[in-house]
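Only one structure is covered here, and it is reproduced in the block below.
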Amino acid sequence: MAMGFSQQQKTTQIQTQRMSQKQIQSLKLLSMDAEDLRQEILSQVEKNPALEIVSDNFPNGVKSARYRNSFERGLRSGFSSASGEEKSDAFQEILESRADERKSLFSHLTEQVNVMDLDGEKRSLCQKIIGNLDSRGFYILAPSSLLDRAAGQDQKLLDECIGIVQSLDPPGICAENAEKSLLLQARLKGNAPKLALFFLDGRLAFLDPPQAPKILEKIQGFLARQKKLSFSNEDYSFLKEADEAAVLKALSFIKALDPFPARDFSQEASNYVFPDIYVESAEGEGEGASSAQASFNVRVSNMALPKVRVSAEFDSSKKNSAFAKAAIRQAKSFLESLDFRESAIAQAAGAIVQRQIEFFKKGPGNLLPLRQKDLAAMIGVHESTVSRMASSKYLQCQWGIFPVKYFFTSAVGDISKESVLRQIHEILDKSPKKKLSDQKICDALAERGIKIARRTVAKYRAQMNIRPSYSR
């Protein structure tokens, strides 16, 4: 049987989509956290002579990057002799070569927790809380973001574990800031004057200046304002008896406290989070505003990033060079990619605030269902862009610092899965001996307006490590 071969030429049209180098760079920058982006900016400045750093909040360690001339920036400069510089360098070398033999705060606290009689869940959460403290002993992320809701951990357990860590040495750690730390130390001492506790509870401004007569004037002004507030139930009768001796005693007590209780420990294990997004109450919408009126401003922070631009001197002096033109083109493309990153984060953060407005008004426990896919549809971008935006980014609001991914929750009907898990936990806690079957839990949820299948209840119960009713 004979076989023949022939060649035919056909024209076909195929539509493909390829990303440009600029698009690839923009998406790469979008996925970076603040620390990685900072290093990328410094790297680009180092490689591209057309880029220059205008200002930097953290210049230490980046001396190789090109800065504008110090005289242009209005900085004073001085000169030292060769022998003086040699002595200074030798002294600095001695300081830097000396090992820090102090124990880290993390190790010190962990050792104390390890000898305590705690169950596995409490011990694990206490270690999470300890790992969330910076070198000063203050929170890095909002404590509520540490909870594993799927495992049934709730605010009551968190408060108990925070109390355990706050009881450890040194006193005053595990607080929001220095002022809260001072108040915690005062309460732990047990012998704090009432007047000292009054000042430390958000009223340190009364002590500026720390002069007894002026402080007494402020106390009298405070009492006059309280008298006009007919709805105030606070008992401030002790303030009426305050005199200079009482004020001086309170001042002496406060001065004996340490605003940075962890300062004597090694900082080797310290971690800092720079929020990428700030959500703040709009001006005029403070505590006096109603929940319905509350509105928020969203701001993208570049505090940890150097501010860069195309060098005007390079642009004007070498604009006819092919090399210079290429360098300037690459510099402008990089700056546009930085602008794209900031714009994308701001747009996504605004949509998150819009969707999760109840959380920003009332705090943790008020999240609504929100998927990355839903947010992408809201702002008109691909889901992968939202995923890159959310990666390793942090948002700060009045409730603390939260990973952006914290605000994405799966849905069960019209409420979030997190809310359903909390409701199941509450139903079981209120049940005698927690003997409710999955069907009865399902019925109890239905009474609360949450309609889900029994098998879904069983799945969620298993995720919270709760055994079936017959084995509880």
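- Taking the ring axis of Phe260 as reference, the NZ or CZ atom of Arg136 does not stay both within 45° of it and closer than 6.0 Å to the ring centre.
- Using a 4.5 Å heavy-atom cutoff, the side chains of Arg355 and Leu375 are not in contact.
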| task | Decide side chain to side chain donor-acceptor pair (under 3.5 Å) for Glu40 and Gln44; before the verdict, give the C-alpha distance in whole Å, the side-chain angles of both, and the deciding distance to 0.1 Å. | result | CA-CA 6 Å; Glu40 179 66 18; Gln44 290 292 330; 3.1 Å; yes
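- Within the structure, salt bridge (charged side-chain N to carboxylate O under 4.0 Å, His left out) contacts touching residues 107-118 (residues at least two apart or in different chains) are Lys103-Glu111.
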Go through Asn297 and Val279 one step at a time and tell me if the side chain to side chain contact (heavy atoms under 4.5 Å, CB included) criterion holds.
-> CA-CA 6 Å; Asn297 292 328; Val279 177; over 6 Å; no
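- Looking at Lys156 and Asp154, no side-chain N of the basic residue comes within less than 4.0 Å of a carboxylate O on the acidic one, giving no salt bridge.
- Using modelled atom types, one finds no donor on one side chain facing an acceptor on the other under 3.5 Å when comparing Thr110 with Ser107.
- In this structure the side chain of Pro306 never reaches within 4.5 angstrom of the side chain of Ser55, judged on heavy atoms.
- Between Asp56 and Arg38 there is a salt bridge, since at least one side-chain N of the basic residue sits less than 4.0 Å from a carboxylate O of the acidic one.
- Between Lys180 and Glu176 no salt bridge is recorded (no basic side-chain N to carboxylate O distance below 4.0 Å).
- Counting heavy atoms from C-beta outward, Leu158 and Ile129 have side chains that approach closer than 4.5 Å.
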Problem - Tyr406/Tyr394 under ring-ring contact (aromatic ring centres under 6.0 Å, His included): CA gap, chis, key distance, verdict - result: CA-CA 9 Å; Tyr406 174 84; Tyr394 295 88; over 10 Å; no
Assess the residue pair Glu217 and Lys214 against the criterion (salt bridge (Lys or Arg N to Asp or Glu O under 4.0 Å)); give the C-alpha distance rounded to whole Å, side-chain angles, the decisive distance to 0.1 Å, and a yes or no. CA-CA 5 Å; Glu217 287 179 12; Lys214 293 185 180 295; 5.7 Å; no
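- Counting heavy atoms from C-beta on, the side chains of Ile441 and Leu428 come closer than 4.5 Å.
- The distance between the ring centers of Phe265 and Phe106 does not fall below 6.0 angstrom.
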Task: side chain to side chain donor-acceptor pair (under 3.5 Å) between Asn302 and Glu342, intermediate numbers included - done: CA-CA 9 Å; Asn302 292 320; Glu342 182 173 346; 3.2 Å; yes
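- Phe360 and Phe407 have their aromatic ring centers within a separation under 6.0 angstrom.
- Side-chain atoms of Ile352 and Ile277, non-hydrogen and from C-beta on, never get closer than 4.5 Å to each other.
- Taking the six-membered ring where the residue is Trp, Phe199 and Phe206 present tilted rings, their angle falling between 30° and 60°.
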| request: Apply side chain to side chain donor-acceptor pair (under 3.5 Å) to Ser387 and Ser384, showing your working. | output: CA-CA 5 Å; Ser387 178; Ser384 63; over 6 Å; no
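- Donor-acceptor pairing under 3.5 Å is recorded for the side chains of Ser181 and Gln185.
- Using a cutoff of 4.0 Å between basic side-chain nitrogens and carboxylate oxygens, Lys440 and Asp443 are not scored as salt-bridged.
- Two residues are said to be in side-chain contact when any heavy atoms from C-beta on lie closer than 4.5 Å; Phe402 and Leu141 fail this criterion.
- Two residues are said to be in side-chain contact when any heavy atoms from C-beta on lie closer than 4.5 Å; Leu338 and Ile41 meet this criterion.
- A 4.5 Å side-chain heavy-atom check between Asp208 and Leu204 finds every atom pair outside the cut-off.
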